Amino acid sequence: MKAILVNDDRALRWDNVPDPIIKSEEVLVKIEAAALNRADLMQREGDYPPPPGCPDWMGLEVAGTIVEIGEDAKKKSDWKLGDKVCALLGGGGYAEYVSVKYDMLMPVPKNCSMVEAAAIPEAFATAYLNLFIEGKIKEGNTLLMNAGASGLASVIIPMAKAFGVRVITTVLTDEIAENIKHLNADRVVVTTKEDISLVLKEELEAGRSVDVAIDCLGGEIMGKCIHYLTHGARWIMIAALAGTKTEIDLKNIYVRNVRIVGSTLRSRTPEVKAEILAGIVRDVYPKIEAGLIKPTIHAVLPIQKAEEAHDILYKGKNVGKVVLTV
């Protein structure tokens with residue numbers, strides 16, 4: 001089969017690799033679409049190696065068709081040949097085929113295309129993990145979701161709204177604010193015009209303070225914002241694109257019982273990931289199939305144009321997910 005490999009100069013190429021050989025608890029999926037994530041860029045740069053046993057090539061989420069099923073996978077699951085599925089991977093999605101443990105699969109939701117389904121596993125699992133497991137968010141809470149134009153925000157914002165959560169998000173320009181209107185965030189803060197820390201102070205004083213923050217930016221502003229949260233709030237760090245250092249008033253943290261939580265999906269055990277996927281099918285799929293949540297697709301390109309697709313993410317041009325078709 002073929003897969004996207006990384007050259008020594010970090011350029012990408014579509015080249016031959018060995019066919020996957022499935023284990024007894026695995027199924028073989030013929031890939032139709034693979035969604036991009038920022039972790040792919042990190043892996044390409046050599047900063048985010050795949051877990052042991054995973055293919056060397058990138059790709060954390062795909063949609064496709066089951067073409068082979070291992071003996072134990074047949075006994076332990078209801079999957080059948082020909083089933084349309086989406087899958088959460090440790091790596092290996094930029095390819096024609098991938099082997100996946102049976103409990104890392106979800107059915108394609110009834111009203112989703114294969115391109116949309118490919119954009120579900122990683123982003124929805126990250127959203128579910130950080131909203132409900134780490135964030136313990138509840139109806140009536142307020143969420144701060146930074147970087148509102150990101151692919152993850154395009155999932156987290158509508159997911160939170162579908163469960164009755166009030167959402168504040170941040171963007172860089174009025175144009176981006178206009179582009180994410182369909183996500184229906186309650187307050188969109190254009191950070192080139194407003195100071196988000198002052199906005200959160202205003203929200204706190206008005207009795208609408210943030211209960212959960214999901215932050216992929218970090219940097220100096222994180223330490224300024226964390227002072228203006230609800231008592232017992234959770235600030236969840238999932239990346240630090242704006243910088244890895246900040247200054248925090250520690251007294252404010254313990255007096256207000258604020259919890260700072262570091263969280264990545266990739267570091268979770270396979271058992272935890274399987275529980276997350278089962279939770280998505282149980283709790284979130286009814287919202288997807290009712291039309292309350294839908295993946296936002298920014299661009300669809302053939303997999304041979306993976307380099308061009310990566311450039312969209314590198315330049316921050318996307319509002320929603322970029323997907324490769326195979």
Side-chain angles (χ1 to χ4, degrees), residues 126-150 152-243 245-263 292-293 296 319:
T126 300
Y128 188 88
L129 166 66
N130 292 305
L131 282 172
F132 300 108
I133 298 174
E134 297 291 7
K136 296 180 173 55
I137 208 158
K138 298 176 182 177
E139 183 177 354
N141 281 176
T142 294
L143 169 73
L144 170 65
M145 178 65 218
N146 277 327
S150 67
L152 182 58
S154 74
V155 172
I156 283 182
I157 293 171
M159 189 180 293
K161 293 291 295 177
F163 284 88
V165 174
R166 181 171 174 269
V167 179
I168 302 168
T169 193
T170 60
V171 295
L172 288 172
T173 67
D174 288 321
E175 180 184 4
I176 298 173
E178 187 66 27
N179 288 341
I180 68 163
K181 260 190 172 180
H182 67 284
L183 300 178
N184 295 318
D186 296 276
R187 183 164 185 177
V188 179
V189 179
V190 180
T191 54
T192 49
K193 297 167 64 175
E194 289 187 278
D195 185 327
I196 181 59
S197 64
L198 296 181
V199 169
L200 296 186
K201 182 180 180 183
E202 171 195 321
E203 294 283 328
L204 176 63
E205 292 169 349
R208 300 188 302 265
S209 54
V210 167
D211 301 281
V212 178
I214 298 178
D215 186 10
C216 59
L217 300 177
E220 182 183 359
I221 196 66
M222 180 268 193
K224 294 179 179 178
C225 290
I226 203 167
H227 300 161
Y228 305 116
L229 307 179
T230 304
H231 189 276
R234 285 76 66 200
W235 189 286
I236 301 169
M237 293 299 310
I238 61 173
L241 299 175
K245 297 186 188 306
T246 196
E247 186 174 317
I248 294 174
D249 178 355
L250 293 176
K251 183 177 180 180
N252 177 75
I253 297 297
Y254 62 75
V255 167
R256 301 186 66 80
N257 281 352
V258 171
R259 288 158 175 77
I260 301 173
V261 180
S263 177
L292 298 174
I293 310 171
T296 298
V319 177

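Only a predicted model underlies this, so the values are computations on that prediction, with no experimental measurement involved.
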Restricting to non-hydrogen atoms, name the atom on [X] and the atom on [Y] that form the minimum distance, rounded to 0.1 Å.
| X | Y | value |
| --- | --- | --- |
| Gly148 | Thr169 | CA-OG1, 3.1 Å |
| Ala149 | Val171 | N-CG1, 4.3 Å |
| Ala153 | Ala147 | CB-O, 3.3 Å |
| Ser154 | Leu183 | O-CD2, 3.7 Å |
| Met159 | Tyr128 | SD-N, 4.2 Å |
| Gly223 | Ile248 | CA-CG1, 4.0 Å |

Check: [Y] main-chain N/O paired with [X] side-chain donor or acceptor under 3.5 Å:
| X | Y | value |
| --- | --- | --- |
| Thr192 | Thr173 | no |
| Arg187 | Ile168 | no |
| Arg256 | Leu229 | yes |
| Thr230 | Val210 | yes |

To the closest 0.5 Å, what do you measure between [atom1] ([X]) and [atom2] ([Y])?
| X | Y | atom1 | atom2 | result |
| --- | --- | --- | --- | --- |
| Trp235 | Ile253 | CH2 | CD1 | 9.5 Å |
| Arg208 | Asp186 | CZ | CG | 10.0 Å |
| Ser150 | Ile238 | OG | CD1 | 7.5 Å |
| Leu217 | Thr170 | CG | OG1 | 6.0 Å |
| Cys225 | Asn146 | SG | CG | 7.0 Å |
| Ile156 | Ile293 | CD1 | CD1 | 11.5 Å |

Open item on the list: Check this for me: Glu202, atom CD, are more than 12 non-hydrogen atoms of other residues, nucleotides or ligands nearer than 6.0 Å?
Closed with: yes

Open item on the list: Are there over 12 heavy-atom neighbours, none belonging to Glu220, within less than 6.0 Å of that residue's CD?
Closed with: no

Task: Derivation of the side-chain contact (heavy atoms from CB on, under 4.5 Å) call for Ile226 and Asp249 - done: CA-CA 9 Å; Ile226 203 167; Asp249 178 355; over 6 Å; no

Task: Full working for salt bridge (charged side-chain N to carboxylate O under 4.0 Å, His left out) between Asp211 and Lys138 - done: CA-CA 9 Å; Asp211 301 281; Lys138 298 176 182 177; over 6 Å; no

Between [Y] and [X], is there a side-chain heavy-atom distance shorter than 4.5 Å?
| X | Y | result |
| --- | --- | --- |
| Met222 | Ile260 | yes |
| Thr191 | Leu172 | yes |
| Val165 | Val212 | no |
| Leu152 | Cys216 | no |
| Leu131 | Ile214 | yes |
| His227 | Leu204 | no |
| Val167 | Asn184 | no |
| Glu203 | Arg166 | yes |

Open item on the list: Checking Lys136 against Asn141 for the side-chain contact (heavy atoms from CB on, under 4.5 Å) test, could you report, in this order, the C-alpha distance in whole Å, the side-chain angles of both residues, the deciding distance, and whether it holds?
Closed with: CA-CA 10 Å; Lys136 296 180 173 55; Asn141 281 176; over 6 Å; no

Open item on the list: Checking Tyr228 now: which residues fulfil ring-ring contact (aromatic ring centres under 6.0 Å, His included) with it, not counting sequence neighbours?
Closed with: none

